[in-house]
Every structure is written in structure tokens, then in C-alpha cells.
Amino acid sequence: MTETIASGPAGSAHVDDQPRPGRWLALAVLVLAVLLVGVDATVLGLATPFLSEDLRPSGTQLLWIGDIYSFVIAGLLVSMGSLGDRVGRKKLLLIGSVGFGAMSVLAAYASSAEMMIAARALQGVAGATLMPATLALIRNLFHDPRERSLAIGIWGAMASAGMAVGPVLGGFLLGHFWWGSVFLINLPVMALLVAVGAKVIPESRNPDPGPWDIPSVGLSLVGIVAVVYAIKEAAVEGYRWDIALAGVLGVLALIWFVRRQLTLPSPLLNMKLFAHRGFSGAVLADLLTILGLSGLVFFLSQFLQMVQQRPPLNAGLVELPAAIGAVGAGLAAGWVARKLSVRIVVAGGLAVVGLALVGCTTLHADTGTAALCFILFIVGVGAGFSFTVTADVILSNVPKEEAGAASAVSETAYELGAALGIALLGSIVTSIYRGFPTPGGVSEPAADAARESLGGAVETAGQLPGGQGGALLKAAQESFVDGVDVAAGVGAAVLLAAAGAAWFLLRGQELGSSPAGADTAAFATSGQEPQRPGPAERP
């Protein structure tokens, strides 16, 4: 592949590295997509109790509603990132935005659990175009490393702001309208993004991309979805021949995918990127962090609303400190990483999150608002430092023409970690929850219905006489909290392990201090780490 953008003919690199006019206005539009994804991720958790009452999903269907989006988007991110490198990142971003809005309407008016699962899957297809396109466009808009660090910090801060706005706005909507309204809030943001983005975002693509390999697209999708499905089902149902078959199929598809990329002249994903220790360490840190956090976050809204009996808006406000901490940390992360070091900021941030999750192992129905807000704020600060710096590391060490595929690797780690976290930690919560004893006087059919989900327990308890209903609901709530406490402990262990891995893998890694040039391009071609000015190692 010709590295035309990064190290083209004499003089071209110098011209290309000049500041691009209007880049900050273009960034303002790009972060609208990030804001949208952040809002969409958090409002679903708040809407889960209402979905449970209206659509009556089983416990397994409820998990699928929560994680099918992540499954599909994880399977398609690399393919869509690579497609954006080929056809144009701006074009793919705008098309994906329109599709995301359309699928939001479908989700809003879903009339069954199956229809909701399908709508979320289709949202995943459209969503796979958004995040890698925004990061890749940032990589091509901002050539100065310090400006790029700030832009990535703003990008991460807006993602966190979306997560903050989502619960509050979603809580307000759920208090005044039906649950479908939480999906319809996507439409005005999408309309603004498309209308303004078409005018101010410059197009960028790989000038010599080669063909888009369709078999590789299929292999990546089948491989990731099959592996995650097998893990999820094994955690809930135990090991069966069909689950094992899905897992084996997924692993074989991923092995075939990797082997095919190594032989193609224009691969969907340049596997030599992973030879760079900083790149691989940043991706692994992202995956483990989200795995440890996502399952707990998915069940937190249910804890606040169904155990502590908070109204939706109040539950959203309790979750707000996490996003506030992440916004502040994300904006400062690049500066702090240059003053200290990449591995101190990333590993330290992950360790802080892990220790905060240890505090979540003592949650109970009477846990106060101040304690919850403090824990979530600490989680937000640690995650904001870590995610912003790892995104910067990933983008700083790839040539600009491969920015879409590299950004997609980062987002795939994020989405795959989310899917695995919901599947594994969610399965822990579900398995413990289903074991609560049947209170006296409650029939087994009623108890079985309550064990399907906490939402089912709330509904079943409302149909029983006062004493029986109260006893059933209390038993269900206590069992649910026990499951959340155990999941928080597992998540804490994962985060502390991620901190240890980041400490070793990011040793000597620095954020760029000069515009990326031929050294980065040479790394992408040869698989060797680029040489940067300054000390070879930092503590």
C-alpha cells in the first residue's frame, strides 16, 4: 500500500501537516455523533424497567436487548472503519447517521421483545459507521500532536457528557412520556449532524486503499458474534454441544480472518499494527476496562429504580457524577500524560476504577445517595484519564490513511468488552438472582415468573395480596443486590488486572511530540515501533 498521505512525494508531508482551517468547527459537528452514541447507551438502561412491563421479555431476551447492539457493532466496526478509509469517512458517517435515526424510530415503536432485539441489531449496523469515522476524521483534521490530544479529550468528554445527559434527559422523558421517547431524542441530533456536517466536515480517505474484501467482512462478523454468543450462552445455560459448536466456529472464523489479512495485498485490517506494544497494550486496556465496568453499569439503573425505588429522573441524577468526573479527566488527560507518563496515567486510572468498584461490593438497598455519587465520580475520573490516553496512543501510532481501521480496532475492543461484560457479569447477576427462596404462600408459577427478571418480580408482586407480594419483592430485591455485589467484585478484579497489564505493556510509550511523518508510516509497513525523540524509557 502506498503511504501517500503520511510520507508521499517530497514536500507533500510538509503541506499535509499544516493546520487545516475550520478544524475546530468540524470537530464540534463530529462530537454530535459521539454525544448521540453516549445518550443512546445510557437511556436504554433507564428504559429497561418500562420495557420489561410493556414488552414482557424473558430474562434471556432482556440480556439480548441489552447486548445485541454491542454484538453487531463489534462484529462490523473493523469492516466499517476500513470501508470509510476506502469510500470516504465523511460519506460513511452521514449515511450511518441517517440509518441510526431510522432504526431509532423502529426501536421506539417496537411492539414485542423480538422486534426490539431486531431494531437494536440494526442500530448496531448503523452505529458501526459512527465512532471509527469520528476518530479517524480527528486523526486527519489535527496533525499537531498536542492539538490532537486536546481534540481527543473533547471527543471523550462529549461521549461522557452524552452518558450524563442520557440518564437525566431519559429520566425526564420517562416521567412524562412512554418509553419509546428515549429513542426518538436521537432524531434532532442526527438531523443537525447531517445538515451541518455535510457543509463543514472535509472528506478524507485512503488515496490508494485497494478493494474492500467481502470475505474478510463476513469472517470478522461471524467470528466475533459467534464467540461472544457462545460465552454468553455458556455462562447462562452451561456447556452444550450447540454452544460449543458456536464457539469453535467463531474461533476458526477469527483465525481464518487473521491469516487472510496477512496474505492480502490490501487487507481489511493491517495486522502489523499489533506488533507495536503501545498499540496492543492500549487496545487490551480498553477491552478489559469495559468488560469490568459494563455489566455493573447495565444493572445499576435497575438497582436504583427497582431496589431503591427511585423515579427515573432521580436515578439519572445519581449517575451524573460519573460523567462529570470523566469529562474533567478527559480534558486534562493529554496534559497530565505528558507531565507524568502514559503508563502512570492509564494504569493509575484503571487502578482507581478497580478500587472504586471494590466499594460497590457493599451496595445494599439502603446505600445513601452521597456514597453512590462519590463512588461513581471516582469511577468517572479514572475511566476518563484511561480512555482518553489510550485513544490518543492508538491514533498517534498509525498512518493517517489507516486511521479508520485503527480507530475501529479501538472501538471494537470497547464494544466487545461491553458485550462480554454484560454477558459474563450479567449472567452472574442473573444466576444469583434466580436462586432466591420462594416466600411462604407464594405459588411456584408466580415465583418462576418473578425469577425471570427483577422487572418480572415487580409486576408479579403487584398481582399478589399485599403480604405475599411484599415478601416476594423483598426476596427478589435482596437476591438481585447480592448478584450485583458479586459482579462488582469480579469487575474490580478485572480492572486491577487491566491496570497491571497496562503498567507493563505501556512502558516507554509516549504521546507524540511532533507531527507524525515517515517514521509512523514505516512502522505500519514494517511492524517496528517508530522511534520518537526523548528518553527511551519512562517510569
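Sequence positions, counted from 1, serve as the residue numbers for this chain.
Every residue meeting the ring pair (Phe, Tyr, Trp, His ring centres under 6.0 Å) condition with Tyr109, not counting sequence neighbours, appears here in chain and number order: Trp178. Residues that satisfy the side-chain contact (heavy atoms from CB on, under 4.5 Å) test with Ala226, not counting sequence neighbours, are absent from this structure.
For the pair Leu93 and Thr129, the minimum side-chain heavy-atom distance is 4.5 Å or more. In this structure, the side chains of Val125 and Met103 stay at 4.5 Å or more apart for every pair of heavy atoms. Using a 4.5 Å heavy-atom cutoff, the side chains of Leu193 and Leu94 are in contact. When side chains are defined from C-beta on, Phe100 counts as touching Ser104, because their heavy atoms get closer than 4.5 Å. Using a 4.5 Å heavy-atom threshold, the side chains of Leu106 and Gln123 count as separate. When side chains are defined from C-beta on, Ile224 does not count as touching Phe257, because their heavy atoms never get closer than 4.5 Å.
Of the inter-residue distances, the one linking Leu350 atom CG with Phe387 atom CZ reads 7.5 Å to the nearest 0.5 angstrom. How far OG of Ser280 is from CG of Leu506: 10.0 Å, rounded to the nearest 0.5 Å. Ile214 contributes atom CD1, which lies 8.5 Å from atom OG of Ser79 (distance to the nearest 0.5 angstrom).
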Residue pair Leu372, Leu304: steps toward the side chain to side chain contact (heavy atoms under 4.5 Å, CB included) verdict: CA-CA 10 Å; Leu372 287 169; Leu304 293 172; 3.8 Å; yes

